[in-house]
There are 2 protein chains.
Amino acid sequence: MDRIINVVIVDDHKILTDGLRTLLHDSGIAKVVGIAHSATECRNSIGFWMPDILLLDVSLPDMSGVEFCKELTSLYPTVKILALTTHNEYSVVRQILENGASGYLVKNAMTEEVLIGIQAVANGEVFLCHEVDLLMKKPRETQLWLSLREREMLKLIVEGLTNTEIAARIFLSPETIRGYRKNLLLKLGAKNTAVLVKIAIEHKLI
Amino acid sequence: MDRIINVVIVDDHKILTDGLRTLLHDSGIAKVVGIAHSATECRNSIGFWMPDILLLDVSLPDMSGVEFCKELTSLYPTVKILALTTHNEYSVVRQILENGASGYLVKNAMTEEVLIGIQAVANGEVFLCHEVDLLMKKPRETQLWLSLREREMLKLIVEGLTNTEIAARIFLSPETIRGYRKNLLLKLGAKNTAVLVKIAIEHKLI
DNA sequence: GATAAAAACCCCCTTTTGGGGGTGCCAAAG
DNA sequence: CTTTGGCACCCCCAAAAGGGGGTTTTTATC
């Protein structure tokens with residue numbers, strides 16, 4: 001075993017991608033065969049690169065990293081995706097793992113963890129960096145997790161729609177929307193819409 | 001001229017700091033004499049490091065980068081601060097430059113721009129990366145800029161306080177708060193509080 | 001086949017917000 | 001010396017949100 005692992009990095013921070021390329025190269029375990037700074041760039045070259053591992057940032061300039069992850073795993077099932085992001089929010093981790101990622105690293109993890117993670121994922125394992133591992137092991141009740149409908153509702157509330165507008169948009173009774181809104185306030189422990197929006201954005205629930 | 005420039009990096013993303021250290025070293029123009037992953041870490045060693053340039057991320061885990069920049073420039077006026085961050089928001093750039101930074105780089109700038117920036121700032125110039133330079137040159141009317149009172153108000157609104165609560169907190173008439181609230185909605189082009197909070201957070205006005 | 005959770009719906013009543021107007025004071029910039 | 005912008009204040013009234021209670025159906029999961 002232990003042949004060199006081919007890696008592609010997708011992240012819009014050129015400083016990070018350039019630095020990481022050097023680091024991986026110097027490590028001897030992996031080689032960066034491609035770098036993309038957006039989903040589009042990646043889409044154009046991935047078929048040619050065909051890496052073993054794809055390091056993916058969730059905050060891409062042109063589309064949601066979660067969406068892109070879903071797209072990649074269905075088009076290229078042999079390419080393992082290792083999320084490498086700034087967020088350590090339960091919601092983000094869970095969403096990207098549900099969409100086909102094989103691992104999750106936060107950017108302030110140790111550099112060695114990146115190497116360990118790449119090797120683990122290349123061997124078919126699922127890898128979570130220490131910090132995220134702890135996060136996922138916490139009892140489920142303490143985590144913020146919303147149903148599909150609730151997330152949809154939250155998005156529309158954050159966009160500033162009133163109950164009646166939301167009702168018209170998704171063909172439901174305004175009373176139903178009111179119910180969801182109240183429940184969201186309760187679930188997220190928000191006093192009013194202002195705090196609700198704040199929590200939604202901070203926890204990347206949208 | 002052209003002696004090697006001593007640089008310190010303050011950023012909590014260890015992957016970025018490690019990569020950047022290698023990049024700067026390889027460039028031959030600068031040397032990383034210290035790395036800190038938090039304001040506290042930096043505070044403990046800066047007196048010993050005494051670099052020419054300090055690369056500073058605004059989103060530190062333990063305190064606001066803007067505050068920390070202010071602190072550093074007053075304590076160590078000879079150390080030039082070059083902000084290196086993810087944000088290209090007018091408000092963030094303006095605030096950090098007002099607090100003593102000598103330059104501003106966004107993380108998705110070209111790696112070469114970092115080198116150019118470091119050299120420029122070391123020569124006593126003010127350096128803005130291309131993207132930010134364009135941003136600052138845009139006519140002032142198109143930029144979001146709030147007065148001190150307005151920012152204070154916005155913070156309290158985002159925290160979920162009602163007009164009456166804010167009034168009680170800062171000893172003003174509830175009608176005054178109402179006036180500010182209306183004006184904020186107008187200035188930021190928000191339809192209601194939900195959108196106001198969203199814009200405030202996204203543009204880092206708080 | 002029970003249990004639980006999500007989804008959709010309803011009423012009463014109070015508080016808060018938002019849209020529209022308006023006033024006056026003071027300091028800095030032109 | 002006038003204009004502009006920040007700051008503080010006021011009224012009316014309609015719309016929206018929030019606090020409290022409730023019901024039913026469907027859809028998983030055990």
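In what follows, every chain begins at residue 1, and chains take the letters A, B, ... in the order their sequences are listed. Atom set for the values below is all heavy atoms of this structure, side chains included, hydrogens, waters and symmetry mates excluded.
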Between [atom2] of [N] and [atom1] of [X], the distance in whole Å:
{"X": "A:Arg151", "N": "C:dA7", "atom1": "CZ", "atom2": "C1'", "result": "15 Å"}
{"X": "A:Tyr180", "N": "C:dC9", "atom1": "OH", "atom2": "C1'", "result": "10 Å"}
{"X": "A:Asn192", "N": "C:dG18", "atom1": "CG", "atom2": "C1'", "result": "15 Å"}
{"X": "B:Asn183", "N": "C:dT17", "atom1": "CG", "atom2": "P", "result": "17 Å"}
{"X": "B:Arg181", "N": "C:dG18", "atom1": "CZ", "atom2": "P", "result": "5 Å"}

Heavy atoms of chain A, cut-off under 4.0 Å: which first and last nucleotide of DNA chain D, 5' to 3', fall inside that, if you could look?
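First and last nucleotides in contact are D:dA16 to D:dG21.
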Output yes when at least one side-chain N/O atom of [X] is less than 4.0 Å from OP1 or OP2 of [N], else no.
{"X": "B:Thr162", "N": "C:dT15", "answer": "no"}
{"X": "A:Thr176", "N": "C:dC9", "answer": "yes"}
{"X": "B:Asn163", "N": "C:dT17", "answer": "yes"}
{"X": "A:Ser173", "N": "C:dC10", "answer": "yes"}

Within the 3.5 Å criterion, strictly below it, is a donor on [X] or [Y] matched to an acceptor on the partner's side chain?
{"X": "B:Thr40", "Y": "B:Asp62", "value": "yes"}
{"X": "B:Asp18", "Y": "A:Thr111", "value": "yes"}
{"X": "B:Thr17", "Y": "B:Asp11", "value": "no"}
{"X": "B:Glu41", "Y": "B:Ser45", "value": "no"}

Heavy-atom nearest nucleotide on DNA chain C for A:Pro174 versus A:Leu148: which residue maps closer to 5'?
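Looking at DNA chain C, the more 5' nearest nucleotide goes with A:Leu148.
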NZ of A:Lys31: more than 12 outside heavy atoms within 6.0 angstrom?
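Counting neighbours around NZ of A:Lys31, 12 or fewer heavy atoms of other residues, nucleotides or ligands fall under 6.0 Å, so no.
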Please state whether the base of C:dG18 and the side chain of B:Arg178 form at least one donor-acceptor pair under 3.5 Å?
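Present.
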B:Tyr90 and B:His203, any side-chain heavy atoms less than 4.5 Å apart
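No, every pair of side-chain atoms sits at 4.5 Å or beyond.
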Hey, are the side chains of B:Lys155 and B:Glu152 touching, using non-hydrogen atoms and a 4.5 Å cut-off?
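No, side chains not in contact.
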